[in-house]
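Some notes on the structure that comes next.
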Amino acid sequence: MLDLKLIRENADEVEKALARRNGGHSLSGIVKVDSSFRQIQAEWESLNQRSNVISEMFKTGKASKEEIESLRQESKDLKKRREDLEKEKAELEDELETLRLGLPNLPDATVPDGRDENDNVEVHSWGTIPTIQDPKHHWEIGPTLAVFDFERGVKLAESRFTLLEENGAKLERAIMNFYLDFHSKRGYRELFPPILVNRECMIGTGQLPKFEGEFYKCADDELYLVPTAEVPLTNVYRDEVLDEEQLPIYLCAYTPNFRREAGSAGKDTRGYIRQHQFNKVELVKFCLPDRSHEELESLTRSAELVLEALELPYRRIALCTGDLGLNSQKTYDLEVWFPAQDKYREISSCSMFGDFQARRANLRYKPADGGKPRFLHTLNGSGVAIGRTLAAILENNQQSDGSVTIPKVLVPYLGGMDELKPKN
RNA sequence: GGAGAGGUGGCUGAGUGGUCGAAAGCGGCUUCCUGCUAAGAAGUUGUACGGUCAAAAGCUGUACCGAGAGUUCGAAUCUCUCCCUCUCCGCCA
């Protein structure tokens, strides 16, 4: 959410900054609603003031008996007019809130301009792309190695749900534990948050109200299945004022994630890449406003390091303005190599949000110099997606005999197992 | 699920329908004092959005005592609905 004062006073500049994204975002609507809201507000306040004066006269008993009758009547009339104004005021306020919540963040100056993902910029790549004769897709390899059972996953739920067979289950858990251990050792405090969250959380991190159809919601409770651990983690300190000395705060957590994938019909329908339920370890940071850029670099680096530890070839992409998410000022995507698809696929997305989420979730810190509480800055990134990691390991580590070697760092997490062999 | 208690400022905790933005204590801040971070004394201390001002300070207006509705000239205080927390019992991983 953008600062209303900033919009009011520098509408042109804000509009110019937003124009770097796709689809123009006109501010004239917001400015207009804001000014009529304030006009109504002023009128309403002056009526209140009069009512308070009348009350005061009752209190002090200064009015004569005849005056009392007319004052009583006046007060009743005032109340009626106030109620009319209140209705109008509430409507305008709602409208203003909706408009503001729908407005995206301002892109950072360092973000490359562009229309869509084709204009994203590769920052660097790591690792050697393996040479594999006729590489197979992970969905071809998985079932032969007791990793995936796609048919039964669909039977249990619906499409885009997968049953992990014994090796898959163990591998998924090994990756998850490796990631959590790795980030915990590097200063991220491990939490295990609720996986159902309330609406305030979803608004706080920016999923709602704009993307209502993307998420699973409980019918009888105002609760949502988390689409990412970003939601509970970023909301941990919602409506709180932290001390400056507490910052920065690094959090990490594993959660399952649930997404309807409403806009992705027909995309990645095969395999384990795009599921309604998937596992992920997420990294979240809270920091002082002037630290965002370096925190983004180190956050992204943390995500890269787990891929390097797993020896998976990847590249880092800087998203262009047109591909940036609603909340984000700047985003790096990490993409890992998928041999059978002959391309890189996203496995992590690391973003800085400035005070955009902090305003929505009311996340503040008290400056050490004793000033008023200020909004802090938030960042997050996948550290990284577990299911896609599993798929990438299957594809990159496939051998000509149909087996798959396990990355060294995972072997201890698998009781010493260092390869998966086909049954027969 | 049954029974009960309660939701007030950064925290603890008072509050008779007008004198309550709200006692008191703690904490915070400022100053004084004792030759050093300990103790003591005094003062000060909510938030949001407006107005005034070049701006800040200051002054000033309105709102806010879980949320919403109602009674009343006037509600933290009375009534209703909802939400949440706590205690006991039951049930359950």
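Note: hydrogens, waters and symmetry copies are ignored here, and every other heavy atom, side chains too, is used.
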Ring center gap for A:Phe258 and A:Phe215 short of 6.0 angstrom = no

May I ask you to check whether A:Phe148 and A:Tyr272 place their ring centers less than 6.0 Å from one another?
-> yes

Between [X] ([atom1]) and [N] ([atom2]), how many Å, whole number?
X: A:Leu92; N: B:G50; atom1: CG; atom2: C1'; result: 16 Å
X: A:Asp34; N: B:A48; atom1: CG; atom2: P; result: 17 Å
X: A:Lys366; N: B:C11; atom1: NZ; atom2: C1'; result: 14 Å
X: A:Glu9; N: B:A54; atom1: CD; atom2: C1'; result: 14 Å
X: A:Asp221; N: B:C83; atom1: CG; atom2: C1'; result: 13 Å
X: A:Asp243; N: B:C11; atom1: CG; atom2: P; result: 13 Å
X: A:Asp239; N: B:A48; atom1: CG; atom2: P; result: 13 Å
X: A:Ile68; N: B:G74; atom1: CD1; atom2: P; result: 14 Å

Which heavy atom of [X] sits nearest to which heavy atom of [Y], and what is that distance?
X: A:Asp323; Y: A:Asp116; answer: CB-C, 4.3 Å
X: A:Ser349; Y: A:Ser382; answer: N-OG, 3.0 Å
X: A:Pro107; Y: A:Arg21; answer: CG-CG, 3.9 Å

Identified stems (criterion: three or more consecutive Watson-Crick or G-U pairs, under 3.5 Å), RNA chain B = B:1-7 with B:83-89, B:10-12 with B:24-26, B:27-32 with B:40-45, B:46-52 with B:58-64, B:66-70 with B:78-82

With rounding to the closest Å, how many angstrom separate the [atom1] atoms on [N] and [M]?
N: B:A76; M: B:G68; atom1: C1'; value: 16 Å
N: B:A23; M: B:C80; atom1: P; value: 29 Å
N: B:U31; M: B:A38; atom1: P; value: 16 Å
N: B:U81; M: B:G28; atom1: P; value: 44 Å
N: B:C20; M: B:A14; atom1: C1'; value: 12 Å
N: B:C82; M: B:G1; atom1: P; value: 13 Å
N: B:G66; M: B:G7; atom1: P; value: 8 Å
N: B:G35; M: B:U30; atom1: P; value: 22 Å

N or O in side chain of A:Arg82 less than 4.0 angstrom from B:G74 OP1/OP2 | no

Do any pairs count as a side chain to side chain donor-acceptor pair (under 3.5 Å) and have a residue in residues 98-112 of chain A, sequence neighbours left out, and if so which ones?
-> A:Asp108-A:Thr110, A:Asp108-A:His293, A:Thr110-A:Lys330

Base-contact (B) and sugar-phosphate-only (S) positions in nucleotides 56-73 of chain B, heavy-atom cut-off under 4.0 Å, - elsewhere | -----BBS--------BB

Can A:Asp77 and A:Gln73 be counted as having a side-chain donor-acceptor contact under 3.5 angstrom?
-> yes

No-hydrogen, no-angle side-chain donor-acceptor test under 3.5 Å, A:Tyr254 and A:Glu282 = no

Answer with base, sugar-phosphate or nothing: what part of the nucleic acid does A:Arg8 contact at a heavy-atom distance below 4.0 Å?
-> sugar-phosphate

Between A:Tyr179 and A:His183, what is the ring plane arrangement, given parallel below 30°, perpendicular above 60°, and tilted in between?
-> tilted

Please report the C-alpha distance between A:Tyr224 and A:Tyr216 in whole Å, then the side-chain angles of each, then the deciding distance to 0.1 Å, and finally whether the ring-ring contact (aromatic ring centres under 6.0 Å, His included) criterion is met.
-> CA-CA 6 Å; A:Tyr224 296 80; A:Tyr216 290 97; over 10 Å; no

